[in-house]
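All values below were derived from every heavy atom in this structure, side-chain atoms included, with hydrogens, water molecules and symmetry-related copies excluded. Residues take their numbers from the sequence shown, with the count starting at 1.
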Amino acid sequence: MSVVAWRVLAVIFLGLGLIGFALPLVPQIPFLLLGAAAAAKGWPWLDRRLLAHPVYGPLITGWRERRAIPARAKVFATLSLATTTLALFVLPVSVWWRVGWIAIAAATTLWLWHRPDR
């Protein structure tokens, strides 16, 4: 893939991560990690800036080195998944949406809590 394509992906994923600041049901961290991975392939300057960030730099480094997710991020992600799951029982959606979402949320939560904390 070309450098321009990696840069475009980095901007898209980081933009989606920024949306997560405003919308609590949109995950920030997975998009941040995808954006950092794309930046590492096509935009070394941005990759260095992300790694030097006081909040997100250690998170990115932990993921790259150990596939670790901090406990606080796990708790927040689990609460977000649970909130969305509860919302589906209030909203007028089909049973298949609910079943599908519960399966995805359960698989995601299990995977998440099997990752190391540090």
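Taking 4.5 Å as the limit, some side-chain heavy atom of Pro44 sits within range of a side-chain heavy atom of Arg48. Using a 4.5 Å heavy-atom cutoff, the side chains of Leu16 and Ile19 are in contact. Residues Leu51 and Tyr56 have side chains not in contact (no heavy-atom distance under 4.5 Å, counting atoms from C-beta outward). Looking only at side-chain heavy atoms (C-beta outward), Leu33 and Leu59 come within less than 4.5 Å of each other. With contacts defined as side-chain heavy-atom distances shorter than 4.5 Å, the pair Leu14/Leu50 qualifies. Two residues are said to be in side-chain contact when any heavy atoms from C-beta on lie closer than 4.5 Å; Thr85 and Phe89 meet this criterion. Side-chain atoms of Leu46 and Trp6, non-hydrogen and from C-beta on, never get closer than 4.5 Å to each other.
Atom CD1 in Ile104 sits 11.5 Å away from atom OG1 in Thr84 (nearest 0.5 Å). Atoms CH2 and CD1, from Trp113 and Ile69 in turn, are 10.0 Å apart once rounded to the nearest 0.5 Å. Going from atom CG of Leu81 over to atom CD1 of Ile102 covers 11.5 Å, rounded to the nearest 0.5 Å. Put simply, CG on Asp47 and NZ on Lys41 are 11.0 Å apart, with the number rounded to the nearest 0.5 Å.
Both Trp111 and Leu32 sit in one connected hydrophobic cluster of ILVMFWY residues. Membership requires side-chain heavy atoms under 4.5 Å apart, directly or through other members. In this structure, Trp63 is a member of the same hydrophobic cluster as Val75, with clusters built from ILVMFWY side-chain heavy atoms closer than 4.5 Å. Clustering ILVMFWY residues whenever any of their side-chain heavy atoms sit less than 4.5 angstrom apart, transitively, puts Val99 in a cluster other than the one holding Trp101. A continuous path of Ile, Leu, Val, Met, Phe, Trp and Tyr side chains, each step under 4.5 Å between heavy atoms, connects Ile12 with Val4, placing both in one hydrophobic cluster. Under the 4.5 Å side-chain contact rule for hydrophobic residues, Leu110 and Leu112 do not share a cluster.
Checked by atom type and distance alone, the side chain of Arg115 never pairs as donor or acceptor with a backbone atom of Ala68 at under 3.5 Å. Formation of a donor-acceptor pair under 3.5 Å by the Arg66 side chain with backbone atoms of Pro116 is not found in this model.
Using a 4.0 Å cut-off between charged side-chain N and carboxylate O, Lys74 and Asp117 make a salt bridge.
Of all heavy-atom pairs between Ala38 and Ala10, the closest is CB-N, 3.6 Å. Listed here is the closest heavy atom pair of Phe31 and Phe13: CB-O, 3.3 Å.
With a 6.0 Å radius and a threshold of 12 heavy atoms from other residues, nucleotides or ligands, Arg64 has its CZ atom above the threshold.
Paired with Trp43 under the rule side chain to side chain contact (heavy atoms under 4.5 Å, CB included), one option of Val3, Val8, Val11 passes, and it is Val11.
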